[in-house]
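Scope of the values below: all heavy atoms of this structure, side chains included, with no hydrogens, waters or symmetry mates. Counting starts at 1 for both ligands and their atoms, in listed order.
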Amino acid sequence: MKTKRLLSMGPPGAGKGTQAANIVEAYGVCHISTGDMFRSAIKNGTAMGKLAQSYMEKGELVPDSVTVGIVKERLALDDCKNQGFLLDGFPRNLDQAHALDTILAELNYNLDAVIDVSVENEILINRIIGRRICRNCGATYHIEFNKPKTEGVCDSCGGELYVRKDDTRETAENRLSVYSSQTQPLLDFYKGRGLLVSINGDQAVEKVFADIKNQLGE
Ligand code: ADP
Ligand code: ADP
Ligand code: ZN
């Protein structure tokens with residue numbers, strides 16, 4: 001199997017994180033989620049975490065000066081070289097997309113596909129406000145659509161499930177509007193390069209993943 005270099009681009013709540021777990025398992029790529037990196041920096045109380053937190057709580061984008069730097073560092077590590085990668089939640093605006101072009105050119109990498117999982121906004125809001133995450137392993141659940149066996153407890157590690165601070169209706173609405181004004185224009189940018197893979201995200205998790213695999217191939 002050829003090493004894959006992938007981006008995932010859907011709006012908040014589309015299932016990027018959920019599908020990333022499947023993609024990582026099937027293709028053995030490194031999962032690089034800028035949102036997860038910021039949440040871990042917040043948890044560890046770093047200076048970057050403190051800065052990122054103020055933007056995340058409002059549903060705004062963390063400044064590019066910070067975001068581009070962490071992606072650049074991460075992509076340069078050996079595991080991305082050997083295993084390929086799935087960038088989840090980056091780029092999110094045109095400047096980040098241009099910065100990514102520069103980073104990839106420096107590392108001599110080409111992208112294989114940009115996965116766009118789309119779902120309509122009303123469904124996204126319900127997915128976001130019902131989302132629960134394992135404090136220990138990061139696995140994602142939903143109180144209605146993807147229930148854990150025991151309420152509040154992670155199936156895979158027994159960890160406690162929590163609600164992300166930015167998963168309120170108000171913040172979710174702002175994130176969706178940031179997505180449509182800043183991130184959605186990137187779809188045309190990648191479509192023009194023939195990289196865009198469009199997936200209907202309003203289907204069962206397994207069906208969404210089957211569609212992704214069909215499009216990506218071996
Ligand atoms: P979701 O999966 O719901 O889209 P993420 O975990 O990807 O959420 O992102 C959560 C928040 O982290 C965003 O609302 C934003 O504040 C910040 N963030 C994540 N990725 C980026 C990025 N590429 N640029 C700027 N901010 C980002
Ligand atoms: P993203 O990373 O794009 O913000 P997540 O993968 O965290 O999205 O999914 C958002 C919420 O929707 C989670 O609670 C998740 O369990 C749920 N979810 C993900 N995919 C589906 C699906 N295909 N059908 C129903 N619910 C889903
Ligand atoms: Zn867990």
| query | Measuring from the heavy atoms of Lys58, does anything fall under 4.0 Å of ligand 1? | reply |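 No, that is not the case, since the closest heavy atom of the residue is not under 4.0 Å from the ligand.
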In terms of residue, atom name and distance, what is the protein heavy atom nearest to [atom]?
atom                    : result
atom 8 (O) of ligand 1  : Arg164 NH2, 3.1 Å
atom 12 (O) of ligand 1 : Met56 CE, 3.3 Å
atom 6 (O) of ligand 2  : Thr18 OG1, 2.6 Å
atom 23 (N) of ligand 1 : Gly89 O, 2.9 Å
atom 27 (C) of ligand 1 : Phe38 CE1, 3.8 Å
atom 26 (N) of ligand 1 : Val62 N, 3.0 Å
atom 4 (O) of ligand 1  : Arg92 NH2, 2.9 Å
atom 18 (N) of ligand 2 : Arg127 CD, 4.1 Å
atom 7 (O) of ligand 2  : Arg131 NH1, 2.6 Å
atom 20 (N) of ligand 1 : Thr34 OG1, 2.8 Å
atom 2 (O) of ligand 1  : Lys16 NZ, 3.7 Å
atom 14 (O) of ligand 2 : Tyr141 O, 2.7 Å

Does [X] have a heavy atom less than 4.0 Å from any atom of ligand 2?
X      : answer
Ser33  : no
Gln203 : yes
Gly13  : yes

Is the closest N or O pair between [X] and ligand 1 shorter than 3.5 Å?
X      : result
Glu60  : yes
Phe90  : no
Arg175 : yes

| said: Test of geometry: compute the angle SG(Cys157)-the Zn ion (ligand 3)-SG(Cys154) and round it to 10°. | reply: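 So the angle at the metal works out to 110°.
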| message | Looking at every heavy atom in both Asn110 and Arg5, which two are closest together, and how far apart are they? | response |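 Looking at all heavy atoms of both residues, the shortest contact is O-CD, 3.4 Å.
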| query | Which atom names give the shortest non-hydrogen contact between Met56 and Val62, and what distance separates them? | reply |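 Distance-wise, the nearest heavy atoms are CG-CG2, 4.1 Å.
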| message | So if I count the atoms of ligand 2 from 1 in the order they appear, which ones are less than 4.0 Å from some heavy atom of Asn146? | response |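 Under 4.0 Å from Asn146, ligand 2 has these atoms: 16 (O).
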| Which atoms from ligand 2 have a heavy atom of Pro11 less than 4.0 Å away? |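 Heavy-atom distances to Pro11 below 4.0 Å select 3 (O).
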Does the N or O separation between [X] and ligand 2 drop below 3.5 Å for any pair?
X      : result
Arg132 : no
Ala204 : no
Pro12  : no
Gln19  : no
Phe145 : no
Thr140 : no

Distance filter under 4.0 Å to [X] heavy atoms, resulting ligand 1 atoms:
X     : result
Thr67 : 22 (C), 23 (N), 24 (N), 25 (C)
Arg39 : 6 (O), 10 (C)
Gln96 : 22 (C), 23 (N), 24 (N), 25 (C)

| query | Can Arg132 be said to sit on top of Tyr141's aromatic six-ring, NZ or CZ under 6.0 Å from centre and within 45° of the ring axis? | reply |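 Here Arg132 fails the 6.0 Å and 45° test against Tyr141.
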| field | Tyr55 six-ring centre to Lys58 NZ/CZ under 6.0 Å and within 45° of normal | value |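 Positive - Lys58 is close enough to the ring of Tyr55 and near enough to its axis.
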